[in-house]
Structure formats: C-alpha cells, structure tokens
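One structure is given here, and the rest of the page talks about it.
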Amino acid sequence: FKRDHHSVGIIGAPFSKGQPRGGVEKGPSVIRSAGLADKLKAQGCSVKDYGDLCFEEVPGDEPVGRVKRPGAVGSANQRLAHAVYTAKTEGHTPLMLGGDHSLAIGSIHGHAAAIPGDLSVVWVDAHADINTPLTTPTGNVHGQSMSYLIRELQSKIPVIPQFSWIKPCVSAKDIVYIGLRDVDPEEHYILKYLGIKVFSMTEVDGLGIARVMEETCDYLFSHVKKPIHLSYDIDAIDPSLTPATGTPAVGGLTYREGVYITEHICQTGLLSAVDLVEVNPQRGTTEAQVQSTVDIAVDVLLGCFGRRRAGNHPADYCLPEP
Ligand SMILES: N[C@@H](CSCCS(N)(=O)=O)C(=O)O
Ligand SMILES: [Mn+2]
Ligand SMILES: [Mn+2]
Ligand SMILES: [Mn+2]
C-alpha cells in the first residue's frame, strides 16, 4: 500500500493587475474561507500556510508597447517567485492561490529555480495565455504568461524592463495544454510553430478525459520523467459550474473531468507545484454562483493532494474489534 504523504505550502497571491476586472484579488480569501487547509489536513496532508503576499503599489506604471501594468505585474511576480522558491526548498508542494493567471510567471519561475533539471507544465485552461507583447489583443498579461517562460519563443519577445529578471525556463516539448476552446489566431499559430501538445475541448470530447490524461502522461514522460507544474485556471471548467471568473467561455470541462485531471496527476507522484487562478467572487451574479465556483476550486485542489472519489482511509487505519 503506497504511502504518499503530501506536504502542501499554501501561498496566497491576491493580485489582479494582469487583467482589468476587480475582484480576482479576493480569490485567496474566498478559497481559504471554504476550508481548504482543514480539508487538506482531514485527508492526511501536512499544511504550511505562508499567508498572503503583500504586493506593492506601482505608481505611474504606463504600458510598455501594448503591455499593461508592467511594473505591478513584474514586481508581483518577482516577489511570488521568491515565495514559491522558498516553499519548495523547505520541502512543501507549493500551492499558489490567485489572483489572475499572470501569476504563473512567478510561480513557474520560482519552482524552476528550486529544482534541479527542467520541469513539465500542464496548463488547464480555456485559454492558451501565450500571446507575446506584440500579438496580445488586449495588453493584459494574464493572456501572455507562457510567452515569457518558453525558451524557443524568446526571439519574439521585446525587452520589457520590468520583466528583465525573468529567465525563460520551460521547453516547448515539456508543455501540455488541456481544455482550450478560446484561442486567438496568433496563439494558435504560436502553438503550431512551437509544436506544443494541445488537448482542446475537441480532443476532450473525442478521446474522453481518461485517454487525454493517459496521452498527457505518455507524452510528458516519454523521455525523462520531470516534476509537473500544474497551472489550473478555474475557467477551464464550464461556466455553468464556475461562473465567478473573469473570462468565461462556454463548453468547458465538467466537474467530473476537472477532478479526474487532478486525481490522475496526483497518482503519478510527480506533482511538484500547483496554481489555482482566476477565481473572482465579484464576477458571480449570486452568492450561489460564487459558492459553486469556490467549492469546485477546492475539490479540484483536494484531488491534487490525494482525495479520490472512491474514498480514502489513513494508511494506519485498523477496523475496531469487538
Ligand atoms: N486571449 C485573450 C484572453 S486571455 C484570458 C486569460 S485567462 N488567464 O485564461 O483568464 C488575451 O490575450 O487577452
Ligand atoms: Mn489562464
Ligand atoms: Mn532549475
Ligand atoms: Mn482562462
């Protein structure tokens, strides 16, 4: 009976400047209020809560080209990178609670710096978040995060002074996308140009989630087994279930698919860091909508750290004797 103990390092990242909609900075507090830490402990995890990061105001902060709030985004991610590095080197699996998806820059950067060799990235999202500063249609960095991290894309990235600390640290061949259904033409070109593995919602429908996860793991582990960085955007799930998010797109993952993904990744034993981003309580029109979004986010995370729908029991459990 394999004893896989999980030690989780929770890092709250109350940040919204990677996109224009207020409220996503409240993501960490609403997820905490739903009892994440207690639920992780109840399923046998150790939990160290590092609290919420404090992000400095950046006055002025004019766009660089199309890129909006470069100062705020750059400094928040530099701070987050250090926090994720620390949690990882202290022996925990970092769990970053966003906040918008621009935070993946710091989370992946800090994770990569803390481990020997390379990491693989599983990006669960309706969106590819791979626009460059020159292709972005909105200037919002939460739609550009991956472009700053991928080694093979750097010749297409202009200098952004506030991002000069970012060292590209992910290879295109080590990335898998799951759930795509709202991809800009330029992003689609970039995904093809880099030969990045994509399981869009078409593949989820065609193959079924079990086969998608089987192929994801076969693909990522086909050469060297690398630690997995799971970056999970709650908008990957269908907005009928998780409406309290900034960029909803119809035709998303079911609850069952969303949790199957994390159950499967957990059982590889290679999950090394997790992001859960884009929960925005102000984007729900009713309290029930916010609650549904938050509860599903929590269940997705419990699946990352050992919860299985078939049930769990402590390794040392003994049936009581009469
Ligand atoms: N592709 C659009 C929307 S990206 C949506 C970002 S997220 N983090 O997936 O919500 C853009 O680049 O702004
Ligand atoms: Mn995203
Ligand atoms: Mn490294
Ligand atoms: Mn998204």
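Below, all heavy atoms of this structure are taken into account, side chains as well, without hydrogens, waters or symmetry copies. Order of listing sets the numbers, starting from 1, for every ligand and every atom in it.
For residues 204-219, the pairs satisfying salt bridge (charged side-chain N to carboxylate O under 4.0 Å, His left out) are Arg211-Glu215, with sequence neighbours left out.
Aromatic ring centres of Tyr177 and Phe199 lie farther apart than the 6.0 Å criterion allows. The distance between the ring centers of His101 and Trp123 falls below 6.0 angstrom.
Checking side-chain atoms of Thr242 against main-chain N and O of Pro239 turns up no donor-acceptor pair under 3.5 Å.
Leu230 and Leu103 end up in different hydrophobic clusters when Ile, Leu, Val, Met, Phe, Trp and Tyr side chains are linked at under 4.5 Å.
With sequence neighbours left out, Asp184 forms a salt bridge (charged side-chain N to carboxylate O under 4.0 Å, His left out) with no residue at all.
Excluding waters, the set of protein N/O/S atoms under 2.8 Å from the Mn ion (ligand 2) reads His101 ND1, Asp125 OD2, Asp129 OD2, Asp233 OD2.
At least one test fails for Lys192 against the ring of Tyr189: distance under 6.0 Å to the centre or angle within 45° of the axis.
Shown here for Ser147 and Thr132, the closest heavy-atom pair between the two residues is OG-CA, 3.8 Å.
Salt-bridge check for Asp100 with Lys17: failed, with every basic side-chain N at 4.0 Å or more from each acidic carboxylate O.
Near ligand 1, His101, Asp125, His127, Asp129, Asn131, Pro137, Thr138, His142, Gly143, Asp184, Glu187, Asp233, Asp235, Thr247, Glu278 each place a heavy atom less than 4.0 angstrom from the ligand.
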